[in-house]
Amino acid sequence: MPAEEKNKVIYISHPSGSSAEIALYGATVTSWKVDGTERLFVSKQAIRDGSKAIRGGIPLVFPIFGTKENIQLPQHGFARNSYWEYVGLINDNDDVSVRFTLKDTQLDQKLRNGWPHSFRLTYTVTLTAKSIKTVLGLKNEDEDTFEFNTLLHTYFHAPNIADVSVDGLKSLSFIDKVANGAKDSESRDQVTVSAEVDRIYCNVPDKLQVNFGKDSSIAIEKTGLKDTVVWNPWTDKAKAMGDFGDDEYHNMVCVEVGSVADWVKLGGGQSWTGGQTLTVL
Ligand code: BG6
């Protein structure tokens with residue numbers, strides 16, 4: 001059975017043995033297994049009752065990143081904490097693809113007032129033997145242009161953060177949120193994590209790689225998305241989050257592809273698409 005809906009979670013499996021789970025709440029991918037190994041991190045303290053965005057997996061950030069002074073929306077917008085509609089299985093050949101949609105009319109009035117635009121988001125998750133592809137489509141159903149940010153907030157499971165490195169960011173400019181938004185440029189071939197890190201790397205080439213030690217790596221290939229955030233809350237921020245274990249920062253790293261440094265403008269009636277393919281190497 002390639003796709004099954006149970007308790008508002010869609011389970012998909014591939015003949016090779018890979019599998020994934022997607023919660024209708026946020027259309028959040030909460031599990032991706034290849035060769036029997038879980039590749040995504042979800043906190044043991046994640047709240048799964050639909051009252052808060054799920055702490056882990058691949059939450060979708062839209063239409064704002066962080067908070068914005070003049071936009072009355074929760075941090076990271078509403079896509080990750082709204083129930084999406086499950087459209088269904090969209091093909092059933094070698095790959096297994098499922099699709100979800102979110103329209104402005106599905107949001108409560110407060111959120112619609114916070115971002116008063118007509119839109120349709122379409123999210124397609126495709127599983128192959130070694131990869132998962134997550135692609136977001138957006139249609140502006142207004143006559144006027146609107147602007148948005150979006151991000152695939154991927155939490156990778158890491159056996160040990162000391163062994164994690166990210167390739168492909170050398171020489172890029174970044175905004176350091178830990179240093180009050182100071183701008184800097186990356187000097188390292190491999191970005192490692194040994195303290196709190198919260199950086200927006202700007203105008204990032206489409207191919208990155210996250211290494212987890214012991215010959216274990218995941219390639220990230222993005223399309224239509226300019227930036228990449230690298231985030232690990234480390235000790236103090238971990239303790240401050242109610243839905244994250246104090247020590248769990250040892251076992252995760254977020255490498256999040258998106259367009260967040262600048263607004264993306266989308267004309268009335270126009271469509272946009274962006275996404276990523278994660279492949280176990
Ligand atoms: C990252 C941001 O994308 O998300 C961080 O860069 C933020 O600043 C993190 O802390 C988690 O955000 P939230 O809202 O899920 O706690």
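In each ligand, atom 1 is the first atom listed, and ligand 1 is the first ligand listed.
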To check your reading of the model: name the closest protein heavy atom to [atom], its residue, and the distance in Å.
atom                    : result
atom 6 (O) of ligand 1  : D198 OD1, 2.7 Å
atom 3 (O) of ligand 1  : E256 OE1, 2.7 Å
atom 16 (O) of ligand 1 : R55 NH2, 3.0 Å

Check: For ligand 1, which atoms sit closer than 4.0 Å to a heavy atom of F65?
Finding: 3 (O), 6 (O)
Next item on the list: Would you mind running through ligand 1 and noting each atom that sits below 4.0 Å from a heavy atom of Q75?
Entry: 12 (O), 13 (P), 14 (O)
Notebook entry, point to check: For Q106 and D104, does a side-chain donor sit closer than 3.5 Å to a side-chain acceptor?
Noted result: no
Check: Passes side-chain hydrogen bond (donor to acceptor under 3.5 Å, both in side chains), S171 versus E186? Steps please.
Finding: CA-CA 5 Å; S171 307; E186 183 57 66; over 6 Å; no
Ion pair check, [X] and [Y], cut-off under 4.0 Å:
X    : Y    : value
D95  : K133 : no
K237 : E196 : yes
D243 : K52  : yes

Notebook entry, point to check: Counting only heavy atoms, which portion of R80 has something under 4.0 Å from ligand 1: side chain, backbone, both, or neither?
Noted result: side chain
Check: Looking only at non-hydrogen atoms, which of K177, K52, H153, M241 approaches atom 1 (C) of ligand 1 most closely?
Finding: H153
Next item on the list: Report the relative orientation of the aromatic rings in W115 and F62; use parallel for angles under 30°, tilted for 30 to 60°, perpendicular for over 60°.
Entry: perpendicular
